[in-house]
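Heads up: the structure comes next, in structure tokens.
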Amino acid sequence: MTKKIPVCVLGATGMVGQRFIQLLDNHPWFEVTALGASERSAEKTYEEAVGGRWIVSDSIPDYAREMKIVECNAENIDGKIAFGALDSGVAEPIEKEFAKAGFAVVSNSKNHRMEKDVPLLIPEVNAQHLDSVKVQKKNRDWEGFIVTNPNCTTIQFVLALAPLHQEFGINKIFLTSMQALSGAGYPGVASLNIIDNVVPFIGGEEGKVEEEPLKLFGEWNGQEFKDTEIAISAQCNRVNVKDGHLETLNIELDKKGSLEDVKNAMKKFNPLKELNLPSSPSQPIIVMDEDDRPQPRMDRDLERGMGSVVGRVRECPVLDYKFIVLGHNTVRGAAGAAVLNAELLKAKGLI
Ligand code: NAP
């Protein structure tokens, strides 16, 4: 590719926005040409706006430092892709405006995820759901369109379950999450609420975790998405970890497979291999055999944070199997997932 595709990041100053800035540094296909945020940040350089809030790596990439932040107004921004990292309280109208103006909006916010003609995308799991894009544009009379990421807790376990769903079918899931602080945005949870503590509630999270997999594993019927049927019960907790959500799962399969069959299905799962997308993990599901792994601090950066790290796969005396899944919530759970989604859009000729 000779000329890179111009992209903007909406919500560039926040937790997920910062991760976009990092992951898009020297991206082989995309070039960041505009950074959007609120009027509080507008007109400042990125470095001035983010200041002491830069938290995702050692330093702000050079390309972004002196870029002027603009308000998120499609009329003032040129580009083909709008990466969305906006507070969900403001994302809905802004993302619609960008889609109407012709952008491919690749969003992290919850607002459009469950709409009947908007794909909720994990490229390794449901790339075929992109067939909905043509219908979405027609339904809404938009030049562009919206594609969404699942919630950061959903994405990593649905990725890990995808080969099991394909090979055996899944009837039931019990999930307990231990979610990192960066999942709450910046500044997030007050330090005095989380030091020496676990907070056993994350507003709205359990509903998303119970609902989104049904769409992800569901079908596009040419007009709208139809959910699959899996009984899911989730309990979500905030823990004192910077990055990386750890989740325990107990699952019941439809067709029984041995423990080795289950592990092998995960290990060999790599449906995007042939596409060679720049952000694809070489191994989407990493299965660890050590008794005490994965752990967030040690394993969240495996596969550049783009993998789902599974461990302790074993039989469950109540359902069929139980295991742990770890995912980097701002990489595979947010910005990295969106960049991979955009790469898939490009590979499929939708950009
Ligand atoms: P955050 O740290 O609070 O950042 C929010 C961003 O939205 C900031 O750039 C902020 O800009 C911008 N913003 C706020 N009000 C605005 C307005 N009126 N107009 C334009 N921009 C505005 O949140 P986050 O954690 O990055 O999350 C961003 C989105 O991704 C949310 O919808 C969240 O639910 C979702 N998400 C987050 C994670 C995660 O792990 N954190 C994972 C998956 C999905 P200013 O700096 O100018 O205020």
Side-chain angles (χ1 to χ4, degrees), residues 8-23 34-56 64 67-74 76-77 82-98 105-113 120-122 146-156 158 177-189 202-205 207-209 212 236 238-239 241-246 296 300 305 326-341:
C8 62
V9 180
L10 308 176
T13 50
M15 208 62 268
V16 176
Q18 292 185 22
R19 191 62 77 181
F20 272 120
I21 299 302
Q22 182 201 34
L23 295 177
L35 301 177
S38 76
E39 60 182 358
R40 295 178 290 276
S41 307
E43 297 303 318
K44 295 180 182 159
T45 66
Y46 188 70
E47 189 165 27
E48 283 164 356
V50 172
R53 283 196 280 157
W54 179 262
I55 202 166
V56 300
M67 283 180 78
K68 271 255 165 74
I69 307 251
V70 293
E71 285 192 53
C72 297
N73 179 342
N76 302 336
I77 294 181
F83 285 112
L86 290 163
D87 186 291
S88 59
V90 299
E92 186 168 347
I94 296 175
E95 290 182 346
K96 279 185 174 158
E97 183 199 327
F98 275 75
V105 177
V106 185
S107 169
N108 279 285
S109 304
K110 65 178 181 186
N111 310 69
H112 301 286
R113 281 183 193 150
L120 179 64
L121 187 65
I122 303 177
I146 299 176
V147 169
T148 59
N149 287 350
N151 169 273
C152 51
T153 309
T154 306
I155 198 163
Q156 62 186 62
V158 168
S177 71
M178 289 152 270
Q179 299 184 214
L181 295 169
S182 59
Y186 192 93
V189 188
I202 301 175
E205 196 79 350
K208 293 179 212 165
V209 170
E212 291 176 5
C236 297
R238 185 74 65 196
V239 299
V241 165
K242 180 173 167 271
D243 293 312
H245 293 351
L246 193 70
R300 63 192 167 208
L326 170 71
H328 195 307
N329 54 294
T330 64
V331 183
R332 188 66 215 225
V339 174
L340 186 63
N341 285 354

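Remember, it's 1-based here, ligands and their atoms both numbered in the order they're listed.
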Can you sort out which atoms of ligand 1 are near [X], meaning under 4.0 Å from one of its heavy atoms?
| X | result |
| --- | --- |
| G333 | 42 (C), 43 (C) |
| S109 | 32 (O) |
| T330 | 40 (O) |
| C152 | 42 (C), 43 (C) |
| R53 | 46 (O) |

Identify the closest protein heavy atom to [atom]: which residue and atom is it, and at what distance?
| atom | result |
| --- | --- |
| atom 30 (O) of ligand 1 | N108 CB, 3.6 Å |
| atom 28 (C) of ligand 1 | A85 O, 3.2 Å |
| atom 40 (O) of ligand 1 | N329 ND2, 3.1 Å |
| atom 23 (O) of ligand 1 | G185 CA, 4.0 Å |

Please check whether [X] reaches ligand 1 - meaning an N/O of the residue sits under 3.5 Å from an N/O of the ligand, judged on distance alone.
| X | answer |
| --- | --- |
| S41 | yes |
| V90 | no |
| I94 | no |
| D87 | yes |
| A184 | no |
| G14 | yes |

Legend entry - Partner residues of F98 under the ring-ring contact (aromatic ring centres under 6.0 Å, His included) criterion, sequence neighbours left out: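 For F98 the ring-ring contact (aromatic ring centres under 6.0 Å, His included) partners, ignoring immediate neighbours, are F103.
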
Inset, instruction - Name all residues meeting the salt bridge (Lys or Arg N to Asp or Glu O under 4.0 Å) criterion together with E47; count only those two or more places apart in sequence or in a different chain, and write none if there are none. - result: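 Scan of E47 (salt bridge (Lys or Arg N to Asp or Glu O under 4.0 Å), adjacent residues dropped) gives R65.
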
Legend entry - Any protein heavy atom < 4.0 Å from atom 4 (O) of ligand 1: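 Looking at atom 4 (O) of ligand 1, one finds that a protein heavy atom does lie closer than 4.0 Å.
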
Inset, instruction - Kindly indicate whether atom 33 (C) of ligand 1 is approached by any protein heavy atom to under 4.0 angstrom. - result: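 Within 4.0 Å: no protein heavy atom nearby.
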
Calculate, to the nearest 0.5 Å, the distance between atoms [atom1] and [atom2] belonging to [X] and [Y] respectively.
| X | Y | atom1 | atom2 | value |
| --- | --- | --- | --- | --- |
| N111 | L86 | CG | CG | 9.0 Å |
| T148 | L120 | OG1 | CG | 4.5 Å |
| H112 | S88 | NE2 | OG | 10.5 Å |

Legend entry - Candidate pair I55 and Q18, rule side-chain contact (heavy atoms from CB on, under 4.5 Å), full reasoning: CA-CA 8 Å; I55 202 166; Q18 292 185 22; 3.6 Å; yes

For ligand 1, does [X] get within less than 4.0 Å through its side chain, its backbone, both, or neither, judged by non-hydrogen atoms?
| X | result |
| --- | --- |
| R19 | neither |
| L86 | both |
| M15 | both |
| S182 | backbone |

Test your reading of the model: is there a side-chain donor-acceptor pair from [X] to the backbone of [Y], 3.5 Å cut-off?
| X | Y | answer |
| --- | --- | --- |
| R113 | N108 | yes |
| E95 | G84 | no |
| R238 | M178 | no |
| E71 | N76 | no |
| Y46 | A12 | yes |

Inset, instruction - Compare L10, I55, V16, T13 and give the one whose heavy atom is closest to atom 24 (P) of ligand 1. - result: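 Answer by nearest heavy atom: V16.
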
Legend entry - Candidate with minimal heavy-atom separation from atom 17 (C) of ligand 1, of C72, S107, S38: S38

Legend entry - Parallel, tilted or perpendicular: rings of F83 and F20 (30°, 60°):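 Tilted.
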
Legend entry - Candidate list R332, Q179, R300, test side chain to side chain contact (heavy atoms under 4.5 Å, CB included), partner H245, passing option: Q179

Legend entry - Check: C152 and T330 side chains under 4.5 Å, non-hydrogen atoms: no

Inset, instruction - Would you please determine whether R40 falls within less than 4.0 Å of ligand 1 on a heavy-atom basis? - result: yes

